[in-house]
Participant: 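Attaching a single structure in structure tokens format; questions to follow.
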Amino acid sequence: MKKIVESFELYGKQYRLETGELAKQATGAVVVTQGDTTVLVTAVISNQEKDYDFFPLTVDFIEKMYAVGRIPGGYLKREARPSDKGTLTARMVDRPIRPGFVDGFKREVHIVCTTLVVDSVNPPDTICVMGASAALMLGAAPFDGPAACVRIGRDVETGEFIVNPTFEESENSDLELTIAGTADYISMVEAGADEISEEDMLAAMTFGQEAIAAFCEAQQRFLDRANIEPVEWPVHVADPAIAERVAPFMAEMSAALRDADKLSRMGKVEELKARIKEEQFSDEERAAWKGDIAAELKKLEKKAMRAMVIETGERADGRRPEDIRPLYIVPGYLPRVHGSGLFQRGQTQALSVCTLGMLNEWQRLDTIDPAEGKRYMHQYNFPPYCTGETGRMGAPKRREIGHGALAERALIPVLPDTDEFPYAIRVVSEVLESNGSSSMASTCGSTLALMDAGVPIKAPVSGIAMGLIKEGDDVVILSDIQGIEDFLGDMDFKVCGTEIGITSLQMDNKAKGLSVDILARALAQAKDGRAFILSAMLDEIA
């Protein structure tokens with residue numbers, strides 16, 4: 001392929017997409033630039049199909065210290081494990097890209113984003129999504145693109161929205177909204193905010209969707225010049241006999257799902273699945289169709305759960321869509337520690353513990369970002385026993401880092417400054433039981449722990465996870481989702497905030513018809529849920 005360069009300006013900033021010179025053995029490779037910040041994004045699609053019941057996508061974000069003219073710290077003097085920011089950026093690329101692949105595509109896909117230059121003016125993260133999308137489409141992947149990601153800030157003095165703000169512009173912003181998707185739908189949202197209203201957040205999302213469309217249009221101009229050769233990728237189609245044999249068990253699956261106890265319900269569902277496998281498939285068929293049978297049984301479970309909600313308005317545990325699970329709240333749960341709080345919602349339980357230290361105990365950061373460190377640290381742990389499973393204990397996984405960052409972001413706007421409270425603050429949330437919304441439990445537990453430790457926060461923060469079931473024009477928004485509604489539903493929308501407004505949110509979406517109107521309804525329902533939970537917390541600690 002000859003070298004192709006597309007330079008363009010959007011919202012007052014310069015961008016560039018380039019291909020045909022670097023990493024030409026990858027399925028697709030793009031150099032994407034904002035200002036002087038430059039990232040090489042490669043996509044490779046394996047030539048072998050895997051018998052998985054999930055899509056095997058891996059995204060890595062590689063922070064090269066040479067990109068900012070620094071030598072890595074430590075004895076090795078080379079890049080080692082990813083920083084938390086690097087892990088969060090990899091997640092940020094994965095989440096909007098994953099839903100864009102066609103169902104039934106079973107080949108491994110590996111996306112690698114390598115920072116070549118970071119100018120300390122323009123962050124390198126959001127442009128990686130555009131680079132990943134372009135790299136996939138250059139390789140003619142079965143991907144529903146173009147896709148893009150933008151960060152929306154808001155100038156605190158003028159109130160104007162800023163697209164992909166520089167590090168300096170972000171310092172004068174009361175909003176950091178990262179939103180990704182295509183020109184037609186939103187697939188991912190991350191936000192931190194200084195107690196802004198639901199109306200302002202919706203306005204920012206609407207503006208962000210328009211900005212995404214502009215970046216997708218520029219990306220399409222670049223792709224149109226590439227003369228992409230179509231590729232007939234094999235998309236796995238299961239034998240129709242599998243669905244025919246599984247479908248008659250719909251009523252039995254619905255009955256198995258109607259159990260408020262997670263482990264009991266899972267036991268009934270797995271028992272039914274095992275019986276279907278045994279009764280409906282021979283040993284030879286089970287061996288030949290192993291992944292397909294598992295996928296079809298999962299579809300049966302999904303269809304039964306969704307039909308229950310849409311047709312009856314009742315959830316697996318008997319709640320109505322807007323109901324919150326029973327709460328159990330104990331501030332000061334542990335003796336001798338500086339502060340602690342136990343927060344339980346249904347079968348999700350988090351114990352948060354606060355420790356105060358001198359300011360020189362802050363966390364120093366050895367990354368490509370301008371920030372040298374942070375004084376408030378929130379860490380989230382999710383041991384296997386919290387879901388009744390066995391497993392290895394070790395370094396935190398990507399999910400744990402992501403959930404910890406969400407709760408950390410939720411509380412930063414209400415923390416006192418160092419003049420008022422000259423201490424480093426570390427909160428650790430131990431998830432002891434989990435059945436959905438554990439990150440929101442850790443947010444609520446952290447608020448209790450900070451208050452118990454005597455940290456003079458500006459306002460208490462609560463959080464709730466919202467879900468969505470969408471079948472055609474039928475839409476049901478669920479408050480305080482449990483695990484099954486996360487796994488089999490269309491949306492996981494976490495909202496945190498004070499009585500005044502939103503401090504953080506995170507959304508992953510599987511429904512391509514998600515509109516701003518649906519998001520407005522979800523935010524309004526979340527506000528009521530947050531208020532209910534916050535009132536229960538304040539009943540236990542003033």
Side-chain angles (χ1 to χ4, degrees), residues 50-61 80-84 86-88 90-91 94-95 98 106 108-110 256-257 259-274 277 290-291 293-295 297-298 301-302 305 316-317 325 334 342-353 377-408 426-443 445-446 465 481-489 492 494 506 508:
K50 299 291 185 179
D51 185 22
Y52 295 146
D53 61 352
F54 62 92
F55 170 48
L57 170 67
T58 302
V59 178
D60 287 307
F61 178 78
R81 65 179 293 272
S83 68
D84 284 0
T87 297
L88 294 172
R91 281 169 54 87
D94 182 304
R95 287 159 51 205
R98 187 177 291 274
K106 297 290 187 74
E108 287 185 312
V109 178
H110 190 194
L257 287 171
D259 191 329
D261 183 79
K262 173 188 169 183
L263 296 181
S264 174
R265 180 179 64 246
M266 288 174 63
K268 292 177 184 176
V269 169
E270 291 307 313
E271 183 180 333
L272 175 59
K273 287 181 179 180
K277 287 181 188 177
K290 181 179 179 183
I293 294 172
L297 290 171
K298 186 176 180 181
E301 183 182 2
K302 181 176 182 177
M305 188 278 286
D317 56 4
R325 289 173 291 178
L334 298 176
L342 181 69
F343 183 89
Q344 182 160 351
R345 185 194 292 122
Q347 290 180 296
T348 295
Q349 182 185 74
L351 176 62
S352 294
V353 183
M377 300 150 277
H378 179 267
Q379 291 155 3
Y380 164 105
N381 295 315
F382 193 88
Y385 64 73
C386 73
T387 55
E389 297 172 298
T390 60
R392 285 187 62 187
M393 302 280 286
K397 300 178 180 67
R398 288 185 171 190
R399 180 180 178 278
E400 291 173 285
I401 291 170
H403 281 11
L406 175 62
E408 181 175 291
R426 178 184 185 234
V427 177
V428 179
S429 292
E430 309 286 1
V431 179
L432 307 180
E433 289 184 57
S434 179
N435 185 15
S437 307
S438 59
S439 63
M440 296 297 90
S442 74
T443 301
S446 297
I481 57 173
Q482 55 183 322
I484 189 174
E485 294 162 342
D486 181 1
F487 301 141
L488 306 180
D492 180 13
K494 303 179 177 76
Q506 181 185 91
D508 292 306

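These numbers come from the heavy atoms of this one structure, side chains and all, not from hydrogens, waters or symmetry mates.
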Participant: Kindly indicate, with the supporting measurements, whether the criterion side chain to side chain contact (heavy atoms under 4.5 Å, CB included) is fulfilled by His403 and Ser442.
Facilitator: CA-CA 9 Å; His403 281 11; Ser442 74; 5.9 Å; no

Participant: Can you tell if the side chain of Phe382 reaches within under 4.5 Å of the side chain of Arg399, non-hydrogen atoms only?
Facilitator: yes

Participant: According to ring-ring contact (aromatic ring centres under 6.0 Å, His included), who are the partners of Phe61, at least two apart in sequence or on a separate chain?
Facilitator: none

Participant: Tell me the closest heavy-atom pair linking Met440 and Ala465, and the distance in Å.
Facilitator: CG-N, 3.7 Å

Participant: For the atom pair CD (Gln349) and CD (Glu430), what is the distance rounded to the nearest 0.5 Å?
Facilitator: 11.5 Å

Participant: Hey, are the side chains of Leu351 and Leu334 touching, using non-hydrogen atoms and a 4.5 Å cut-off?
Facilitator: yes

Participant: Report the distance from atom CD of Gln347 to atom OG of Ser438, rounding to the nearest 0.5 Å.
Facilitator: 13.5 Å

Participant: Check ring-ring contact (aromatic ring centres under 6.0 Å, His included) between His378 and all other residues, then give those that pass, not counting sequence neighbours.
Facilitator: none

Participant: Taking all non-hydrogen atoms of both residues into account, name the closest pair between Arg345 and Ala441 and its distance.
Facilitator: NH1-N, 4.2 Å

Participant: Could you work out, with salt bridge (charged side-chain N to carboxylate O under 4.0 Å, His left out) as the rule, every residue matching Glu108, not counting sequence neighbours?
Facilitator: none

Participant: Could you give the distance from OG (Ser446) to CD (Gln379), rounded to the nearest 0.5 Å?
Facilitator: 10.5 Å

Participant: Does Arg91 form a salt bridge (charged side-chain N to carboxylate O under 4.0 Å, His left out) with Asp84? I'd like the steps, not just the answer.
Facilitator: CA-CA 11 Å; Arg91 281 169 54 87; Asp84 284 0; over 6 Å; no

Participant: Under the side chain to side chain contact (heavy atoms under 4.5 Å, CB included) test, which residues partner Asp259, sequence neighbours left out?
Facilitator: Asp261, Ser264, Arg265, Lys268

Participant: Any side-chain heavy atom of Glu400 sitting closer than 4.5 Å to one from Lys397?
Facilitator: yes

Participant: Between Asp508 and Arg98, is any pair of side-chain heavy atoms under 4.5 Å apart?
Facilitator: no

Participant: Quick check against the 3.5 Å criterion: does Glu270 have a side-chain atom that pairs as donor or acceptor with the backbone of Leu272?
Facilitator: no

Participant: Looking at Arg325 and Ile481, what are the two nearest heavy atoms and their distance?
Facilitator: NH2-O, 3.6 Å

Participant: Shortest non-hydrogen contact from Ile484 to Met305?
Facilitator: O-CE, 3.9 Å

Participant: Looking at every heavy atom in both Gly483 and Asn435, which two are closest together, and how far apart are they?
Facilitator: N-OD1, 3.2 Å

Participant: Which atom pairs, one a donor and one an acceptor, fall under 3.5 Å between side chains of residues 386-396 and the rest of the protein, sequence neighbours left out?
Facilitator:
from, atom 1, to, atom 2, distance (Å)
Thr387, OG1, Pro384, O, 3.2
Thr387, OG1, Glu389, OE1, 2.6

Participant: Tell me if the CZ atom of Phe487 is crowded by more than 12 foreign heavy atoms within 6.0 Å.
Facilitator: no

Participant: What is the distance from atom CD of Gln482 to atom NZ of Lys262, rounded to the nearest 0.5 Å?
Facilitator: 9.5 Å

Participant: The criterion is ring-ring contact (aromatic ring centres under 6.0 Å, His included); which residues satisfy it with Phe55, sequence neighbours excluded?
Facilitator: Phe101

Participant: Identify the heavy atoms of Val431 and Ser434 that sit nearest to each other, and give their distance.
Facilitator: CG1-CB, 4.0 Å

Participant: I need the Glu485 CD to Asp317 CG distance, nearest 0.5 Å.
Facilitator: 6.5 Å

Participant: With rounding to the nearest 0.5 Å, note down the distance linking CG in Leu432 to OG1 in Thr348.
Facilitator: 11.0 Å

